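Below is one structure, written out as structure tokens; the observations come after it.
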Amino acid sequence: MVPIGVPVEHVIALAVALFVIGVLGVLLRKSVIVMLMSVELMLNAANLLFVVFAERWGVARGQTISFFVMAVAAAEAAVGLAILIGVFRTHNTTDVDELRDLLEQS
Amino acid sequence: MNISDALAGMPQILPMIAVIVGGLVTMLMAVARSHKDPEHGQLTAGPFVAVALVSLVFALFLLTQIEPQAKAVWGGTLAIDRLSLVGQGLIVVIAALAISMGAASITTQGIVRGEYFALSLFCVSGMMLMVAATELLTFFVGLEIMSLAVYVLVGFRRSDRRSQEAALKYFLSGAFASAFFLFGAAMVFGATGTTAYAGISTSAQKLLSGTAFPMQTLLLVGATLCVVGFAFKIAAVPFHMWAPDAYQGAPTMVTGFMAVTVKAAAFMAFLRFVLLALGDGSTRHVPWIVDVLSLLAIVTMTLGNLSAVLQRNVKRMLAYSSIAHAGYLLVGMVGALERGEPAVQGLVFYLFVYGLATLGAFGVLIALERKNGRHDEMLINRFAGVGFQHPALGVAFAVFMFALSGIPPTAGFTGKVLLFGPALDAGHIGLVIVAVLNSVVSVYYYLSIVVYMFMKNPPPRQSTEPRVFSPWLTGALVVTTFGVLIVGMMPQRWIDMFAKLV
Amino acid sequence: MDVFVFYAAAAITLLGASMVLVLANPLRAAMALILSLGALSVIYVLLHAQFVAVMQLLVYAGAIIVLFVFVIMLLNLEDPKTRRSWPWVAGVFTIIGGLSYGLARGLMVDDNQFITSGPPHVNALSKDYGTVEQVGREIMTTFVLPFEMLSVLLLVAVVGAVVISKKRL
Amino acid sequence: MQLNEWLPWLLLLPLAGSFFNGVLGARLPKGLVFFVACMPIIVGAGISATMAYTIFTAPEVDKAAIRIVYDFGTWISAGNLEVSGRIAVDQLSAIMICVITGIGSLIHLYSTEYMGDDPSVHRYFSYLNLFVFSMLLLVLGDNMVLMFVGWEGVGLCSYLLIGFWFSDDANASAGKKAFIVNRVGDFGVIIGTLTLFFALGTMDFATMPGKLQALGAAGGTVALIAALFLFLGATGKSAQIPLFIWLPDAMAGPTPVSALIHAATMVTAGIYMICRLSWLYTAAPAALAVVAIVGALTALFAATMGLMQTDIKKVLAYSTVSQLGFMFLGVGVGAFSAGFFHVFTHAFFKACLFLGSGAVIYALHHEQDIRKMGGLWKKLPITTWTFVVSTFAIMGFPGFSGFFSKDEIMWQAFQSGLDGGKLAAFPGLNYLLFALALAAATLTSFYMWRVTLLTFFSGKYRGDQHTFEHAKEMPLMSLALIVLGLGALLTGFLNVPHILGGHLMLAQLLSPVVGALPEAHGDHHALEIGLMAATLVCSLGSMVLAIRLFGIKQEPTQKQMTLLQTLPGRGFVKVLYNKWYVDEAYEKVIVKPIERTSYVFFYKLVDQFLIDKVMIGIFAVPAKYGGYLVRWIQNGSLQRYATVFAFGAAAIVVWVVLR
């Protein structure tokens with residue numbers, strides 16, 4: 001078996017693009033649930049990096065790690081959505097702009 | 001590595017297992033008790049605290065039984081060197097104190113679930129894994145166990161808007177930071193082909209000395225993103241912004257818990273990362289790390305202290321105080337990078353002192369909370385005259401404030417001497433001057449609470465709700481108060497305990 | 001062929017991700033996320049990570065996205081506040097494109113570095129590379145400790161999720 | 001038992017007393033509280049006296065090296081940082097511990113009556129014992145760190161005691177002001193200490209001088225930096241320009257506290273430190289010059305401010321600042337033993353003055369305004385005569401203690417610029433220093449007689465007649481006054497200069513620690529006598545002027561009273577009759593200019609502007625604008641937090657890659 005003939009920098013560019021889209025999603029979207037999805041995108045970008053570097057180095061470790069990351073992502077999503085439900089119960093919204101009880105008082 | 005190797009490694013993770021078992025037992029107890037009218041808070045904290053303390057003390061005992069060794073175990077994922085053992089012990093001790101303090105308000109602050117203890121103990125096991133990890137993935141798993149548990153704990157007051165908001169903010173920014181860390185870890189993996197600290201250290205040395213292939217940029221960017229992830233957890237500016245909101249919104253006992261244990265665990269893990277992955281314990285392969293840390297330290301101390309001066313809400317003030325302390329500790333870390341052993345010793349000593357003093361301060365806050373005082377805002381006026389109504393609490397709080405501002409004979413002074421000394425010795429004079437100036441500024445806000453306590457008359461009308469109190473809280477406060485004083489006056493034993501860490 | 005499939009999958013991944021960023025309705029955003037992650041699993045296959053690709057589909061499409069969709073339906077969430085205009089979106093994506101390519105170039109990594117003086121296995125991946133067996137063996141040997149600790153992590157997640165979100169306690 | 005085994009008890013007894021009274025005092029009878037509070041200090045005085053006796057009567061051969069040392073073992077040891085827990089008594093600290101415990105025990109006894117009725121008197125004594133402990137630690141500590149621990153400890157106790165009557169908001173803020181101003185000074189001490197440690201690698205007093213010498217030429221720079229930073233600390237603790245402003249506010253505390261802490265002991269810590277580090281200052285002549293100039297300026301300015309006060313304790317507070325300035329002038333011209341001698345005599349006469357004022361305040365039920373006093377000599381004879389003795393001492397009347405110590409300083413200041421003096425490198429400076437000191441001495445004599453006359457003499461009592469009838473003296477308070485008054489009268493004879501037939505005994509005793517007095521070349525006897533006479537003439541002149549103005553038997557005229565009433569600067573009543581040309585002179589030549597300078601300039605500029613605006617501004621202004629920034633960032637919006645995070649991370653990455 002040989003590694004895929006795609007230059008590694010193109011894969012890295014894809015990962016970086018996914019990561020940047022994820023960051024922008026967190027920074028720009030007002031819906032908390034979409035922000036959570038964006039975080040998932042960021043984690044996937046990291047996973048992609050792990051997988052491509054694993055292939056280039058010819059070691060399995062990167063793949064193993066991406067498996068772990070998926071498990072962590074699942075746990076994070078579970079807790080995050082639970083907290084979201086908790087917030088929805090007290091605030092009746094998931095708009096991040098309306099979660100502003102805690103701030104620097106003047 | 002096969003199964004018998006794994007079994008041979010069991011004794012080394014027994015402390016962690018002890019804590020996890022404690023967590024499982026408390027979880028089952030919580031389930032068993034959930035039928036007993038939880039709506040009215042008929043939950044007695046005693047058995048839970050007892051189980052938690054037994055498991056933590058047992059874990060501490062097991063830790064003392066383990067012989068430290070230089071080589072990583074468990075397939076190179078776990079260190080059981082002195083840094084790891086002492087770090088785990090430090091976290092176990094501080095967590096035991098924090099959990100005892102929480103016992104008082106478990107029934108009064110809208111938290112009627114015994115799962116609080118289970119989650120705290122799981123959280124501690126995650127921290128122990130973090131501190132002992134010598135491999136990025138293992139560290140990450142520990143980090144996530146700790147973080148997820150703390151996110152939930154922050155949101156534990158289910159009916160309180162602030163608590164929920166704090167949990168969400170902490171969670172989202174935490175997940176965001178985790179993703180940054182992971183992205184960085186992937187880059188480090190790409191540059192070095194491994195995630196074990198020892199391997200990263202070797203490769204980094206080769207890469208940066210220029211004899212191997214030039215993937216330095218990948219390594220530098222990756223390591224920097226990892227540092228950013230750590231900086232988030234220790235609440236260093238500009239990655240600190242979750243801290244004031246989360247500290248304010250969380251139940252006070254959780255704030256105390258996370259202010260000390262999360263910071264201690266993150267710092268110990270951070271220390272291992274910069275010392276052993278980006279260096280080899282005595283030398284550093286990555287020269288820029290000192291500049292990055294110095295810059296972070298200066299910004300963190302200054303902004304933390306200036307913001308704390310403004311605060312009227314004591315929980316927020318302590319949040320900024322903990323941010324400022326992250327800055328002081330970063331000064332110590334600069335010293336550790338430059339000078340190795342004595343500086344590491346000073347840094348861990350200071351973490352210990354910071355833990356005792358901050359925990360004690362939050363313990364006093366817990367003791368001042370009133371039953372059903374869910375929206376107790378802990379404004380500074382609340383402290384007027386407290387020194388006369390409850391002299392012991394007042395004196396204890398004053399001791400903690402003096403310790404945090406570094407005034408002798410409290411341990412804070414000794415700690416600061418040991419913390420700043422190596423950085424100065426290494427020639428970072430400007431950094432140390434900024435640090436000392438900052439601790440001068442910090443006296444202003446620490447003292448203002450003491451002034452309110454002892455030099456203002458209490459407001460005429462006071463809530464008649466009974467205060468929250470328990471023997472566990474009293475015990476923990478006594479331990480922290482005398483700890484701060486005794487460690488300050490007779491520091492040598494404690495300093496020796498933290499010696500020879502790398 | 002491989003190369004062509006890669007670029008197609010990459011394009012779909014980016015398209016899906018972009019739609020997550022752009023689409024107003026959270027449900028549609030979730031669907032776009034599935035699209036993106038599914039295309040990513042194709043890329044994983046191409047990168048000789050069959051096991052990871054399968055897990056990607058199982059865990060993400062099968063578990064995480066379902067959870068998201070479930071919560072969206074449960075809370076009946078909408079996102080009326082997100083306003084956007086196409087020039088604005090175009091601008092953002094130009095920035096993303098430029099930024100990503102620039103950053104990736106800035107890392108100064110290319111295959112020559114792996115090929116010329118790189119690690120030993122570069123041009124000959126072992127026979128069982130990326131199989132369940134190989135990954136599984138590593139999980140059960142080197143990473144057995146973090147793997148076992150994952151159970152604590154999942155326990156924390158379960159307990160935490162129940163404690164925080166269960167309707168009656 | 002060896003003598004050095006007594007040394008720990010000197011420290012432990014007050015600490016135990018403090019702890020006992022602090023924890024249990026509230027539940028104990030007052031008698032026991034008083035006993036527990038006073039015994040450690042009185043026993044300590046015995047121990048101190050024995051030690052001083054041993055040290056000063058040591059055989060001639062041992063004199064240079066004799067020290068009584070007790071080692072608690074290593075206190076902190078980590079890496080190359082080694083701090084010993086060693087305490088030691090040498091010639092310098094022997095005198096200090098005698099002053100601390102001696103005057104301390106008198107003041108403790110005095111306090112049992114003065115503070116006896118206070119409901120939380122146990123707390124008061126607990127703080128006071130803790131103060132004595134800290135002060136002893138400051139003096140006994142054999143390295144910079146132990147000294148700093150004591151240094152912080154006395155600051156803390158001072159803060160606690162100033163704010164003792166917390167019910168008054170002003171007291172609380174005075175305490176806080178004192179603490180914060182002191183912390184600014186402590187910053188200097190910390191940096192100075194760290195500089196020394198960094199450069200010399202040790203913090204032991206015994207080994208530091210040798211290490212500095214070993215540095216050679218670089219040692220001068222190190223010494224200059226360290227000496228200046230440490231002097232910043234000294235200006236904080238010893239109330240010198242620019243950090244002096246906390247001391248007058250500190251008068252809010254109980255009067256015995258003012259006597260012990262803010263006159264006799266704590267405020268002299270700065271001079272003690274400079275004497276202890278005399279080798280360092282000798283190595284940095286420029287730092288010495290700074291010390292001398294600051295000291296002389298403070299002496300004069302504080303004296304001008306003393307002229308204007310109507311609160312009896314405020315007068316004494318400014319007088320203390322002024323006298324501390326004299327001491328700094330003394331050490332600043334390299335005459336360490338002369339400066340220290342003034343510490344010693346000042347401890348007696350100023351403690352006596354403060355306790356005397358306390359006796360008056362106590363007798364008059366907390367009246368502190370000298371405009372409402374007068375004629376008290378009939379009711380309070382012992383207080384009156386000890387006060388008068390101390391006034392003679394502070395003005396430098398021949399034969400009284402202040403005469404010897406102040407004239408020694410002034411002569412040393414003058415001769416420092418002569419050939420072979422310490423400040424010969426700064427030509428002309430000595431004339432300036434002497435002139436400033438002379439002016440300060442003249443004013444001192446005037447304002448001290450002003451307060452003495454207005455309080456005890458000047459005809460009849462001007463306040464409430466009922467209060468006057470019930471004024472009486474208390475036995476223990478009188479005892480303390482008599483002992484201190486005797487001290488004010490006699491201590492000067494310890495250090496009689498050569499030209500008056502003495503042989504500067506104290507200077508010789510101290511010479512192993514601080515070095516011999518600098519001696520200008522050549523024969524200056526006539527000059528010395530002449531300067532002494534000039535000083536004396538000025539002081540006596542202002543004394544006569546004060547008596548002329550305020551009178552002994554006769555009351556001040558209506559006009560003078562009007563002047564007095566309107567003193568704090570509410571503008572002046574139009575003067576219709578000019579009975580005394582002195583009044584006009586007083587008003588035109590002294591009051592008006594001084595009012596303008598001291599009140600407007602110093603009060604407005606120094607106190608209100610420099611302290612309240614600038615010093616507070618150090619906190620407030622950055623805090624205000626920082627506050628805007630923090631509020632703008634920390635606006636509760638999670639996405640703003642994430643944005644800052646992302647840009648922060650990006651900035652660091654870019655910085656790392658580009659460098």
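This structure is a prediction, so every number in the text was calculated from the model and none was measured. Chain letters run A, B, ... following the sequence lines, proteins first, then strands; residues in each count from 1.
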Inset, instruction - Taking all heavy atoms of B:Leu148 and all of A:Ala75, pick out the closest pair and write down the distance. - result: CD1-CB, 3.8 Å

Legend entry - side-chain contact (heavy atoms from CB on, under 4.5 Å) evaluation trace for B:Ser159 with A:Arg89: CA-CA 8 Å; B:Ser159 52; A:Arg89 188 171 45 222; over 6 Å; no

Legend entry - Heavy-atom pair with the smallest gap, counting every atom of B:Ala186 and A:Ala46: CB-O, 3.8 Å

Inset, instruction - Taking the six-membered ring for Trp and the single ring otherwise, decide whether the centroids of B:Phe180 and A:Phe19 are under 6.0 Å apart. - result: yes

Inset, instruction - Quick one: closest heavy-atom pair of A:Ile83 and B:Gln164, and the distance? - result: O-OE1, 4.3 Å

Inset, instruction - Indicate yes or no: at least one non-hydrogen side-chain atom of B:Phe183 is less than 4.5 angstrom from one of A:Met42. - result: no

Inset, instruction - Return the minimal non-hydrogen interatomic distance between B:Leu182 and A:Phe50, and the atom names on each side. - result: O-CE1, 4.0 Å

Inset, instruction - Could you check if a side-chain atom of A:Arg61 sits within less than 4.5 angstrom of a side-chain atom of B:Glu135, using non-hydrogen atoms only? - result: yes

Legend entry - Salt bridge A:Asp101-B:Arg162, side-chain N to carboxylate O under 4.0 Å: no

Legend entry - Atom of B:Phe171, atom of A:Leu36 and distance for their closest heavy-atom approach: CE2-CD2, 3.2 Å

Legend entry - Expected output: side-chain B:Gln248 to main-chain A:Leu102 donor-acceptor under 3.5 Å: no

Inset, instruction - List the atom of B:Leu218, the atom of A:Phe53, and the distance in Å for their closest heavy-atom pair. - result: CD2-CZ, 3.8 Å

Inset, instruction - Below 4.5 Å from any heavy atom of chain A, which atoms of B:Tyr320 appear? Answer side chain, backbone, both or neither. - result: side chain

Inset, instruction - Sort out for me which of B:Val141, B:Leu136, B:Thr195 touches chain A most, counting heavy-atom pairs under 4.5 Å. - result: B:Thr195

Legend entry - 4.5 Å side-chain heavy-atom contact, B:Leu168 and A:Leu99: yes

